[in-house]
Amino acid sequence: MKIRCLFFFLLVSMTLSAQDYLSALLPMPNRVEPGSGEDFIVTPKTVVTVDSDSLAFAASELRRILQERTGLSVTGTAGEGSVISLQVDPAMEGKEHYILSVERDRVVIKGATPGAVYWGIMTLDQLLLGDVCRSAGARIAPVYIDDAPRFAYRALMLDPARHFLPVKDVKFFIDQMVRYKYNVLQLHLTDDQGWRVEIRKYPALTAVGANRNPQGGNEGPDNGFYTQEELKELVRYAAERNVEIVPELDIPGHTVAVLAAFPELGCPHTESVQKVMGETVNLMLCAGNDKVYKLYEDIIQEVAAIFPSKRIHLGGDEAIIEENWMRCERCRALMKEKGYAKVSELMGYFFGRILPYVRDNGKEAILWCELDNIRMPVSGYLFPYPQDVTLVTWRYGLTPFCMDLTLQHGHQLIMAPGEYAYLDYPQWPGDLPEFNNWGMPVTSLETCYRFDPGYGRPATEQNHILGIMGTLWGEAIKDINRVTYMTYPRALALAEAGWTRMEFRKWDSFRERLYPNLMNLMRHGVSVRAPFEIGR
Ligand code: ACM
Ligand code: ZN
């Protein structure tokens, strides 16, 4: 045993009871068969082969990982040395299904798509991470992994609207999330505190709406926006890594930044407070103003052209309709004209005019699920929603109702329940208050891990669940170090909830697999929270 290896072994064995090549797999693959026989040995003459040009990026990532883990740059050509073969096999079922097999003289990673092969490479990286002794000797133990996700949609959400995050920070965030096979990044691009996407037809949106702090500079945290070219580059960067970016434009509430640029778009009685930026002040777009719809028709057209994702999230949450629409002469006249008894029906009218713009651009809308409830008398969009809208469940305690209603009405559902998936909540009592949006409720790592996205329901009642999303609201999250601190390690728990079937998920196993992953994140300069409580 080399000295370096011995050192690693001692270091890691202090925290791990059984350090081996399976001990850093996270999310746990859905089928792992340890092999027997001799190890595969990486040498400088090892050949990385691809059977499709579409795997060029995956191959370069694999070489980077081998260099990082074994210290070797592999530059072999065919016939020279051991082979790592990357293959696209369209006959394989499932877009993200991959098979990773390691034998004495051959490693094969194959999948139906380049994205699936990329996931196989991320798993290989974790085999090497777990087995530091073997990887220090450039060896990989035989194994057969046949893996595919439980859910197709595994998202994290960032909120650069509240505090702007420069492109390089978003790329850094993507670099970390792909280790854990997240495949969607939702960008909450607009809110009261900021408008962060360049809209060429309406430069005022960013000229006014992106500057929360008139004295501040352009790189955040209060000011800044993404140009369309920057966003296209971000989309390309993400897509290479099998991540889709879903843009969110929050309407009709959470729109103070829009109203700062275009005060005439609010309900007239609220005009005197419309210029307040930097705070949520319960203002909304006026449902009875045709200019609102024209503005968003144009905005949606531009945003649809930037992001190839078939989905656009349009918010729909926390609309304070009593204070805005209910007191607005124009909105009330509209209600009367339409024969609406309840002001919440105007939400149906509002989205009834907006959603065709989404469809006309070949996209589908996502909305935050609001529901009227005795515990939470919400006045926002209420069921029934238009059939083609995908909903996200989020309000603390209301997910069972949202599951029932989406099932009944035939909506697709994304699971982001407040009690498990809200990463802006503190991770432990007293957790750095300046990093937390709210002092409560505590969402510990273990609580996150207890999340079953199916809520234990029969399989027939889970078919409409697309997947999961961890949301990191940014009111108090001023920079990327706070972003990752609040995200990790909890996003590791959520990643496993999204990927691994319940029968292969065990808290005790997760706890052990966590340690090498936390060390690895720290080695890559990621600020994480040390979950000291799980060792006590
Ligand atoms: C939300 O947390 N307002 C969706
Ligand atoms: Zn109005």
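Each ligand, and each atom within it, is numbered from 1 in the order the structure gives. We count residues from 1, following the sequence as given.
- Cation-pi geometry between Arg359 and Tyr357 is not met: the NZ or CZ atom fails to fall both under 6.0 Å from the ring centre and inside 45° of the normal.
- Taking the centre and axis of the six-membered ring of Tyr488, the NZ or CZ atom of Arg529 falls outside the cone set by 45° and 6.0 Å.
- The protein non-hydrogen atom at the shortest distance from atom 3 (N) of ligand 1 is Asp317 OD2, 2.6 Å.
- For ligand 1, the atoms sitting less than 4.0 Å from at least one non-hydrogen atom of Glu318 are 3 (N), numbered in the order shown with element in parentheses.
- With the Zn ion (ligand 2) as the vertex, SG (Cys286) and SG (Cys267) define an angle of 110°, rounded to 10°.
- Taking 4.0 Å as the cut-off between side-chain N and carboxylate O, Glu496 and Lys181 do not count as a salt-bridged pair.
- Ranking the protein heavy atoms by distance from atom 2 (O) of ligand 1 puts Tyr422 OH, 2.6 Å first.
- Within 6.0 Å of CE on Met326 lie no more than 12 heavy atoms contributed by other residues, nucleotides or ligands.
- For Cys328 atom SG and Cys331 atom SG, the angle they make at the Zn ion (ligand 2) is roughly 110°, to 10 degrees.
- One finds no salt bridge joining Asp175 and Lys171 here, because no Lys/Arg side-chain nitrogen approaches an Asp/Glu carboxylate oxygen to under 4.0 Å.
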